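Keep in mind that this is a model prediction, so the values were computed, not measured. Numbered from 1 within each chain, the chains take letters A, B, ... in sequence-line order. Both backbone and side-chain heavy atoms feed into the values below; hydrogens, waters and symmetry mates do not.
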There are 4 protein chains.
Amino acid sequence: MDVTMDDDGTKQQRRGNTRQRIQDVALELFAEQGYDKTSLREIAERLDVTKAALYYHFKTKEEILVSIFQDLTQPIEDLIEWGREQPHTLETKQEIVRRYGQALDDAAPLFRFMQENQATIRELRIGESFKSRMQGLREIIIDPDAPLTDQVRCISALFTLHAGMFVLQDLEVDPEEKRAAVLEVAIDLVTQAHQGG
Amino acid sequence: MDVTMDDDGTKQQRRGNTRQRIQDVALELFAEQGYDKTSLREIAERLDVTKAALYYHFKTKEEILVSIFQDLTQPIEDLIEWGREQPHTLETKQEIVRRYGQALDDAAPLFRFMQENQATIRELRIGESFKSRMQGLREIIIDPDAPLTDQVRCISALFTLHAGMFVLQDLEVDPEEKRAAVLEVAIDLVTQAHQGG
Amino acid sequence: MDVTMDDDGTKQQRRGNTRQRIQDVALELFAEQGYDKTSLREIAERLDVTKAALYYHFKTKEEILVSIFQDLTQPIEDLIEWGREQPHTLETKQEIVRRYGQALDDAAPLFRFMQENQATIRELRIGESFKSRMQGLREIIIDPDAPLTDQVRCISALFTLHAGMFVLQDLEVDPEEKRAAVLEVAIDLVTQAHQGG
Amino acid sequence: MDVTMDDDGTKQQRRGNTRQRIQDVALELFAEQGYDKTSLREIAERLDVTKAALYYHFKTKEEILVSIFQDLTQPIEDLIEWGREQPHTLETKQEIVRRYGQALDDAAPLFRFMQENQATIRELRIGESFKSRMQGLREIIIDPDAPLTDQVRCISALFTLHAGMFVLQDLEVDPEEKRAAVLEVAIDLVTQAHQGG
DNA sequence: TATGAATGAGCCTTCATTCAT
DNA sequence: TATGAATGAAGGCTCATTCAT
């Protein structure tokens, strides 16, 4: 069975999910302290395994991050693919904003991490993936023939969602209300953009 | 004079401006590679001095960053102070956005650095300063009694300016045009916020 | 077995005793040159390992010293405990002196080190332990109601043993004879102290 | 004049006594923290001068210590010289003990420093001086033909004086009383030594 | 009689990584 | 599926010392 009893009675899940546990702890620490400031020693200690054990599951420190990234950003990949196949209508754009907001919410720790560690990420393998994802997002939401201000509005809509997650953390309001407000503003922006200012 | 010729013909300015040169090079490297990834050795080599020389001018690595931060964010400090004394009119808010955009432009490398190294900064001494500056900005631009969406619009305006600097770098348009567009959208947002959606 | 042959024919014991070897070499160097003057590089080189290897076995330089201290001063700890349970007779005191002399002999390099590096030790974690051990020794050998001179005699007895180890090194006599003489004088002192001058 | 008024009204003696002030501060810090742990920066800061200023007055850090040592141990030098010219009577020896005790008292910080930094001193230029001084003291107080125990008693007398200064600091008795007791025990020891146990 | 600026050596420590077991 | 032991590289920092001014 996957569950063993420790001496002190605490249950510990082993067997087969160590890889997952590494990813969980790693993401938690990466988001909390940053990638550079989080050492493998720390991750290993938190899991009560040795550093060497991490190397059984992942080839390098970077690989841990890459694997997390790949697992958690699939929805955005899917969103972009979906977006490419849709007509460039206002409804599509609004739906993209809605879905993107949802995706951010679902993988909040990862995106918080990406947001706060851009300098680090840029030099990592996921840097390019990230950039191209962002580029993809832009393409499905921006009309390249629209006036510049409207293009900016679309970017702004995306950024409003980000801001909603990471900057408005300390705003003392009901999280749900806040989510709704953020979404409304973002949708408003793409709407204005679509309708030409 | 303060200029001497080296063997290889390169000019080297010494005498009293070493401190400034350290700050310049440090900011450049910090912005380029991140704070953690930039070592004092690297800074020193670039200046053709020893690491120890850096320690003559600054007590720690962090102090270098702090000094840069303090020197370059004064305008924003001033802006906040100015904002506090103004009436909360639409014109004031628009002017704040305008001035903030200008300030970001003037110290672009620093703000790019702050944007991309948030995780690092949070644990540094400037973390708090930065947070309180942002808080100050919010206070002078947000009306706490306004509907939540309008508050979000104000934050969004600020973030639009940031996005304009750092995310739209690769947009292939004339920088001046882009600046104008970004500013327009930001001002638009505070205007809508002021007029109640 | 735990012994392997190197290319150059020197034998090297590995496997499980590296920790002990570090302690041995460290104590030797600490005693010879002092704590501050002994660098981890030096210890590592002498053992033909890297500095980092030391850090696998000990968390800090200080920890190396602490571990040596704890391992080697146990007998004195025991002596104090024993002393506390004995009646305050002359025989007891004499026996304490005898045993203390023996303990000093058994861990001579450590005590020589402690003697010669008091300033350094005071600021280290073992400083307090050392002080309280000395205090403990005093308590079991000094009668607090005795005349001051007799109290001094007891301290003096202890110090005579120390002097015997470290100061009389260069006296050109048979070490055994010297040991006996030192012990005799020390016992004499506690005897006089006990009998009231 | 040698006295100037600072802005804040504190008097500062300058001119000609800087050398002396360096020695004073240095000795204080050396005694307090040890030689190695005391940096020239620290000394300079305490005196409110630059490190370079120290180098105007002394060639090296070691020289500062040497100069202090030479200034303060002259009395012991004198004592030894005096001792050599006296007959080896009991009275002489007792007088030597008395004078040595006085000398220790007069330059207590230095001797405390020497006591606690033997490892450091051994490698310094004063190491030899110190050793030969101690050797000199022994020669004038020990009768080389006496039984070993009596020789030990003499050493012990000297060490009792040391112990009196540095180890008995925390004994809660009137310092004068303590001094007297220590001296009595020391004199007792040389007396016993002289009379043959 | 001092300072400002800098150096070279060295120190303790941490890290990602490796590999035999 | 992991561990124990170790490495090589690097990092931030401190120190005694120098020298032109």
Side-chain angles (χ1 to χ4, degrees), chain A residues 14-19 22 35-44 47-64, chain B residues 14-19 22 35-44 47-64, chain C residues 4 14-19 22 36-44 47-64, chain D residues 14-19 22 35-44 47-64:
Chain A
R14 283 280 150 71
R15 272 258 325 181
N17 61 357
T18 298
R19 195 188 143 91
I22 292 172
Y35 178 79
D36 287 319
K37 284 264 188 37
T38 301
S39 69
L40 294 187
R41 177 178 55 65
E42 214 171 345
I43 297 175
L47 289 166
D48 207 38
V49 295
T50 51
K51 267 184 296 173
L54 305 184
Y55 278 90
Y56 177 81
H57 293 282
F58 299 94
K59 267 220 285 282
T60 66
K61 182 185 179 185
E62 191 174 343
E63 269 263 307
I64 298 180
Chain B
R14 280 282 148 74
R15 273 273 304 229
N17 60 356
T18 300
R19 196 188 143 94
I22 293 172
Y35 179 80
D36 287 319
K37 285 266 191 28
T38 302
S39 70
L40 294 186
R41 179 181 52 67
E42 213 170 347
I43 297 176
L47 289 166
D48 205 38
V49 296
T50 55
K51 269 185 295 171
L54 305 185
Y55 279 93
Y56 177 77
H57 294 280
F58 299 93
K59 266 216 284 282
T60 64
K61 182 184 180 185
E62 190 174 344
E63 268 257 310
I64 299 181
Chain C
T4 55
R14 279 281 149 75
R15 273 276 301 237
N17 60 355
T18 300
R19 197 188 142 92
I22 293 172
D36 287 319
K37 285 267 192 26
T38 302
S39 70
L40 293 186
R41 181 182 52 67
E42 212 172 346
I43 297 176
L47 289 166
D48 204 38
V49 295
T50 55
K51 270 185 293 170
L54 306 185
Y55 278 91
Y56 176 77
H57 294 281
F58 299 93
K59 268 217 283 283
T60 63
K61 183 184 179 184
E62 190 175 344
E63 267 257 311
I64 299 181
Chain D
R14 283 278 150 72
R15 273 265 316 191
N17 62 356
T18 298
R19 195 188 143 92
I22 293 172
Y35 178 80
D36 288 318
K37 285 262 189 34
T38 302
S39 69
L40 293 187
R41 178 180 53 66
E42 214 171 345
I43 296 174
L47 288 167
D48 207 39
V49 295
T50 50
K51 268 184 295 173
L54 304 184
Y55 279 89
Y56 177 81
H57 293 281
F58 298 95
K59 266 218 287 283
T60 66
K61 182 183 180 185
E62 191 174 345
E63 269 263 305
I64 299 180

Taking Watson-Crick and G-U wobble pairs with both distances under 3.5 Å, convert DNA chain F into its dot-bracket string, 5' to 3', dots for unpaired and | for cross-strand pairs. .||||||||||||||||||||

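Summarising the geometry, the separation between CZ on R19(C) and C1' on dG4(F) is reported as 14 Å, rounded to the nearest angstrom. Look at CD on E42(C): it is 14 Å from C1' on dC12(E), rounded to the nearest Å. I43(C) places its CD1 atom 11 Å from the P atom of dT13(E), with the value rounded to the nearest Å. Spacing between atom CD1 of I22(C) and atom P of dT7(F) amounts to 10 Å, rounded to whole angstrom units. The NZ atom of K37(D) sits 17 Å away from the C1' atom of dA16(F) (whole-angstrom rounding). L47(C) has its CG atom 15 Å from the P atom of dA5(F), to the nearest Å. Summarising the geometry, the separation between CG on L40(C) and P on dG11(F) is reported as 20 Å, rounded to the nearest angstrom. Atom CG in N17(B) sits roughly 14 Å away from atom C1' in dG4(E) (whole-Å rounding).
Across the interface with DNA chain E, nearest-nucleotide mapping of T38(C) and Y35(A) shows T38(C) to be the residue nearer the 5′ end. Residue T60(C) is the one, among D36(A) and T60(C), whose nearest nucleotide of DNA chain E lies closer to the 5' end (criterion: closest heavy atom).
In terms of heavy-atom proximity, E42(B) sits nearest to K37(B) at OE1-O, 3.7 Å. Closest of all the heavy-atom pairs between R19(B) and H57(B) is NH1-O, 3.5 Å.
Looking only at distances, a side-chain donor or acceptor of K61(D) sits under 3.5 Å from a matching main-chain atom of T38(D).
Taking 4.0 angstrom as the limit, T18(A) places a side-chain polar atom (N or O) nearer than this to OP1 or OP2 of dA2(F). For Y56(A), no side-chain nitrogen or oxygen approaches OP1 or OP2 of dA2(F) to under 4.0 Å. Contact between the side-chain N/O atoms of H57(B) and the OP1/OP2 oxygens of dG4(E) is not found at any separation under 4.0 Å.
In this structure, of dC12(E), dA2(F), dT7(F), it is dC12(E) that holds the atom nearest to the side chain of K61(C). In this structure, of dA5(E), dG12(F), dT14(E), it is dT14(E) that holds the atom nearest to the side chain of Y55(C).
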Protein-nucleotides 8-10 of chain F N/O pairs under 3.5 Å:
none

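Note that the OG1 atom of T60(D) and the CG atom of L54(D) stand 11.0 Å from one another [nearest 0.5 Å]. Note that CZ of R41(C) is 8.0 Å distant from NZ of K51(C), once rounded to the nearest 0.5 Å.
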What's the verdict on side-chain contact (heavy atoms from CB on, under 4.5 Å) for Y55(A) and L40(A), showing C-alpha distance, side-chain angles and the deciding distance? CA-CA 10 Å; Y55(A) 278 90; L40(A) 294 187; 3.3 Å; yes

